[in-house]
K.L.:
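Take a look at this one; I'll ask things after.
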Amino acid sequence: MKAIGLYWSARMAQEIRKNDVGLSSSSSSSSRRLWPSVLRWIPTSTDHIIDSEKRLLSILKTPYVQEHVNIGSGPPGSKVRWFRSLSNKPRFINTVTFDSKDDSPTLVMVHGYGASQGFFFRNFDALASRFRVIAVDQLGWGGSSRPDFTCRSTEETEAWFIDSFEEWRKAQNLSKFILLGHSFGGYVAAKYALKHPEHVQHLILVGSAGFSSESDANQSEWFTKFRTTWKGSVMNHLWESNFTPQKLIRGLGPWGPDIVRKYTSARFGTHSTGEVLTEEESRLLTDYVYHTLAAKASGELCLKYIFSFGAFTKSPLVGSASEWKVPTTFIYGFQDWMKYEGAQEARKHMKVPCEIIRVPMGGHFVFIDNPNAFHSSVFYACRKFLTPDPDNEPLPQGLTLA
């Protein structure tokens, strides 16, 4: 069973607090640097995350700028929970912006659960040829700040991600942009577009989470039976205890990197359904993934507030489909375990243009599995912004509409 509606987390679970990243005190940072990685139980640090990101992106041809965008610490008495960590220090969103032509439309990319912006490393060059590409690490993940996670409800958890992203948008002075989100990042992107439609020109949801509901769990005979078994009881207890795959990686200490290496080799290596990673890509991605997973727990603790056990959404997007105000394109790999039927159901209730594109030889990480076809699907989705005659733009060969 894919126990958490996010393939990455589920597979990591099978295979196997107190500094803010980038905002730790100088004394703590200096202390960590005194100890070689091999002597640490968890061989990572703030510096490791940024350095591994730079190494991964060094294989790109397009110049880019990496920056920590200050999103503030929140006004006194703010009810926005992500401002309420133990520290009053400003928070930041780790951001990479790629060189582009002055008249290029802006494409903002948001990663999924257990991931970070570097997962799009196979896409940046191609997409930057036609867009001004900006990729972010969501608050609490990757190289962004990792405040203590204080949310205790679905509403507060959604606000953590949506409102921090809105503060980032203000800091970047962006008024209009195309918003692309993958998996859990698709859920966040959709919720953001529902709250701030005036800023989103087009929404692209790639293997998006959020279209299954708790009622679907009750309709699944297999899942209902599984929950009554001892294995189901144990997994449900772990879920409600907010036990994440990342906690296991940290608990394994110096053995953690090897577990991550086995995962990336299996998922993106010989078992990939599309373009297999090169040895260098696999090595750099493994290093990057480990350091982003092993850092302080923060955003990852959102899981049980957004999804119930089994990856069923507590506030499903289908329920708000009739309120959609932004034209939307869904993209799914043929082998994506996230089912495109959920998008089809949502489309029935939408009052805005909506397309569902399926990409061959691609799973949940279709942008890694089959990058060229993925790029074609994004260009086609955004043809209104890229071509003079979008109505006559043919669907690229190999892609299908659902």
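Note that the coordinates shown come from a computational prediction; the quantities given were computed from them, not determined experimentally. As a basis for the values below, the full set of heavy atoms in this structure was taken, side chains included, without hydrogen atoms, waters or symmetry mates. Numbering starts at 1 and runs along the sequence shown.
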K.L.:
Aromatic contact between Phe374 and Phe379, with the criterion being ring centroids under 6.0 Å apart: yes or no?
P.N.:
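Centroid separation for Phe374 and Phe379: 6.0 Å or greater.
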
K.L.:
Ring pair (Phe, Tyr, Trp, His ring centres under 6.0 Å), that's the test. Do Phe334 and Tyr340 meet it? Break it down for me.
P.N.:
CA-CA 9 Å; Phe334 275 23; Tyr340 69 90; 8.9 Å; no

K.L.:
Give, for atom CD1 of Ile93 and atom CG of Leu139, the distance between the pair rounded to the nearest 0.5 Å.
P.N.:
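Reported to 0.5 Å precision, the distance equals 5.0 Å.
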
K.L.:
To the nearest 0.5 Å, how far apart are NZ in Lys61 and CG in Asp99?
P.N.:
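Interatomic distance, Lys61 NZ to Asp99 CG, rounded to 0.5 Å: 15.5 Å.
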
K.L.:
How are the rings of His364 and Trp337 set relative to one another: parallel (under 30°), tilted (30 to 60°) or perpendicular (over 60°)?
P.N.:
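It falls in the tilted class, 30° to 60°.
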
K.L.:
Do Lys262 and Asp258 sit within salt-bridge range, that is, some charged N less than 4.0 Å from a carboxylate O?
P.N.:
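Counted as a salt bridge, because a side-chain N and a carboxylate O are separated by less than 4.0 Å.
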
K.L.:
Between the side chain of Lys314 and the main-chain N/O of Lys304, is any donor-acceptor distance below 3.5 Å?
P.N.:
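A pair under 3.5 Å: yes.
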
K.L.:
Do the numbers put Arg358 on top of the ring of Tyr332, so that NZ or CZ is under 6.0 Å from the six-membered ring centre and no more than 45° off the axis?
P.N.:
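No, Arg358 does not lie over the aromatic ring of Tyr332.
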
K.L.:
Tell me whether Arg383 forms a cation-pi arrangement with Tyr380, defined as NZ or CZ under 6.0 Å from the six-membered ring centre and within 45 degrees of its axis.
P.N.:
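Arg383 over Tyr380 ring: yes.
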
K.L.:
Should the pair Lys195-Asp163 be classified as a salt bridge under the 4.0 Å nitrogen-to-oxygen rule?
P.N.:
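Between Asp163 and Lys195 there is a salt bridge, with a charged N closer than 4.0 Å to a carboxylate O.
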
K.L.:
When you look at Thr95 and Glu67, which way does the side chain to side chain donor-acceptor pair (under 3.5 Å) test go after all the steps?
P.N.:
CA-CA 5 Å; Thr95 305; Glu67 59 184 328; 5.6 Å; no

K.L.:
Ring-plane angle category for Phe184 and Trp141, please: parallel below 30°, perpendicular beyond 60°, tilted otherwise.
P.N.:
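Because their plane-to-plane angle is over 60°, the rings of Phe184 and Trp141 count as perpendicular.
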
K.L.:
Is the Lys NZ or Arg CZ of Arg261 less than 6.0 Å from the centre of Tyr290's six-membered ring, within 45° of the axis?
P.N.:
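Verdict for Tyr290: no cation-pi partner in Arg261.
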
K.L.:
Hey, would you say the Phe367 and His375 ring centroids sit under 6.0 Å apart?
P.N.:
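Aromatic pair excluded; centres sit 6.0 Å or further apart.
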
K.L.:
Please step through salt bridge (charged side-chain N to carboxylate O under 4.0 Å, His left out) for the pair Glu323 and Lys351, ending with a clear verdict.
P.N.:
CA-CA 8 Å; Glu323 303 168 29; Lys351 300 179 178 67; over 6 Å; no

K.L.:
So for atom NZ, which belongs to Lys247, do other residues, nucleotides or ligands contribute more than 12 heavy atoms lying within a distance under 6.0 Å?
P.N.:
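Buried by this count: over 12 neighbours within 6.0 Å.
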
K.L.:
Can Asp369 and Arg267 be counted as an ion pair, charged N to O under 4.0 angstrom?
P.N.:
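Between Arg267 and Asp369 there is a salt bridge, with a charged N closer than 4.0 Å to a carboxylate O.
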
K.L.:
How many angstroms lie between atom CD1 of Ile357 and atom OG of Ser377, to the nearest 0.5 angstrom?
P.N.:
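One finds 5.5 Å between CD1 of Ile357 and OG of Ser377.
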
K.L.:
State, without any angle test, whether His111 and Ser116 hold a side-chain donor-acceptor pair at a distance under 3.5 Å.
P.N.:
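No pair is found: no donor N or O on one side chain lies under 3.5 Å from an acceptor on the other.
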
